[in-house]
Amino acid sequence: MLPAVERDDDCDQARRRVILAVVRAIPAGQVAGYGEVARRAGLPGRARLVARLLARSAQSDLPWHRVLRSDGRIAFAPGSPGFVEQLRRLRAEGLVVSDSGRVMTGGAPDLDSLLWKPAD
DNA sequence: ACGATGACAATGC
DNA sequence: TGCATTGCCATCG
């Protein structure tokens with residue numbers, strides 16, 4: 001049987017696991033915001049937690065570069081190593097990113113705009 | 001306990 | 001678009 005009581009640590013680990021799963025679920029060529037990831041993970045308002053987590057966990061299969069700030073820009077300071085790397089990875093996936101770090105999604109391919117698209 | 005900090009977000013100008 | 005302000009959460013010294 002499972003332990004009668006889950007340690008607080010296990011709870012945190014569960015959160016991490018879900019967040020990473022959400023990030024891994026972002027399709028190549030698409031992006032998501034920190035807050036968006038947090039919400040999908042069932043942790044509304046914990047955008048900064050997502051950021052902290054991504055900073056710590058560097059798994060090879062983790063598409064951390066697809067996570068952007070809510071304004072659609074790379075979170076790293078322009079010119080910083082992380083910025084350069086993320087920019088490189090995003091462009092490698094076919095995304096159009098300005099040198100300033102802004103990702104051009106070609107409108108707003110979020111759920112709403114997709115669901116409202118009349119016909120095409 | 002308390003203030004500073006950070007891969008953030010929402011709002012207003 | 002860009003910048004400043006405020007709110008939030010988790011760590012750290």
Side-chain angles (χ1 to χ4, degrees):
Chain A
M1 286 298 285
L2 293 170
V5 211
E6 291 185 6
R7 291 172 303 142
D8 297 342
D9 204 32
D10 289 336
C11 188
D12 287 350
Q13 192 164 14
R15 295 194 313 187
R16 289 198 295 271
R17 191 180 62 74
V18 177
I19 292 175
L20 294 182
V22 171
V23 172
R24 271 190 291 269
I26 304 173
Q30 287 193 20
V31 292
Y34 291 91
E36 191 181 340
V37 171
R39 276 198 307 267
R40 284 194 202 170
L43 299 166
R46 274 80 179 167
R48 309 191 77 153
L49 178 64
V50 174
R52 269 196 70 70
L53 183 54
L54 289 187
R56 292 207 61 210
S57 62
Q59 301 186 12
S60 54
D61 62 322
L62 192 66
W64 55 269
H65 54 281
R66 296 177 195 150
V67 185
L68 309 171
R69 244 167 14 195
S70 62
D71 57 7
R73 304 191 50 169
I74 291 177
F76 288 108
S80 67
F83 179 91
V84 175
E85 175 64 12
Q86 187 166 11
L87 183 69
R88 190 185 65 75
R89 290 200 185 197
L90 288 173
R91 284 175 172 169
E93 290 188 356
L95 286 163
V96 181
V97 190
S98 70
D99 293 342
S100 64
R102 199 181 194 309
V103 176
M104 319 303 189
T105 54
D110 51 278
L111 292 182
D112 286 342
S113 57
L114 286 178
L115 295 176
W116 258 255
K117 178 171 289 187
D120 189 274

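Naming convention: chains lettered A, B, ... in sequence-line order (proteins, then strands); numbering from 1 in each chain.
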Are A:Val97 and A:Gln86 side-chain neighbours, meaning at least one heavy-atom pair lies under 4.5 Å? no

Is a salt bridge present between A:Glu36 and A:Arg40, judged by a nitrogen-to-oxygen distance below 4.0 Å? yes

5' to 3' on DNA chain B, which nucleotides open and close the contacts with chain A (atom under 4.0 Å from a heavy atom)? B:dG6 to B:dA10

Is the number of heavy atoms from other residues, nucleotides or ligands under 6.0 Å of A:Arg17 CZ greater than 12? no

Would one find a side-chain N or O of A:Arg73 under 4.0 angstrom from OP1 or OP2 of C:dG2? yes

Could you tell me how far apart A:Ile19 (CD1) and C:dC9 (C1') are, to the nearest whole angstrom? 12 Å

Rounding to an integer number of Å, can you tell me how far A:Asp12 CG sits from C:dC9 P? 15 Å

Which is more 5' along DNA chain B, the nucleotide nearest A:Val67 or the one nearest A:Arg39? Just name the residue. A:Val67

Got A:Leu54 and A:Leu62 here, is their nearest side-chain heavy-atom distance under 4.5 Å? yes

Report yes if some heavy atom in the side chain of A:Val31 is under 4.5 Å from a heavy atom in the side chain of A:Leu90; otherwise report no. yes

Keeping the roles fixed (side chain from A:Arg73, backbone from A:Ser100), state whether a donor-acceptor pair exists under 3.5 Å. yes

Whole-angstrom distance between C:dG13 and B:dA7, as gauged at atom P: 15 Å

Kindly state which residues belonging to residues 84-98 of chain A come within less than 4.0 angstrom of DNA chain B, counting heavy atoms of the residue only, listed by number. none

Residue mapping more 5' on DNA chain C - nearest nucleotide basis, A:Arg48 or A:Ser100: A:Ser100

Between A:Leu68 and A:Ile74, is there a side-chain heavy-atom distance shorter than 4.5 Å? yes

Looking at A:Arg66 and A:Val23, would you say the former's side chain and the latter's main chain have a donor-acceptor pair under 3.5 Å? no

Please identify each residue that fulfils salt bridge (charged side-chain N to carboxylate O under 4.0 Å, His left out) with A:Arg46, with sequence neighbours left out. none

Between P on C:dG2 and CZ on A:Arg69, what's the gap in Å once rounded to a whole number? 11 Å

Select base, sugar-phosphate, or nothing to describe what A:Gly45 touches, counting heavy atoms under 4.0 Å on all strands. sugar-phosphate

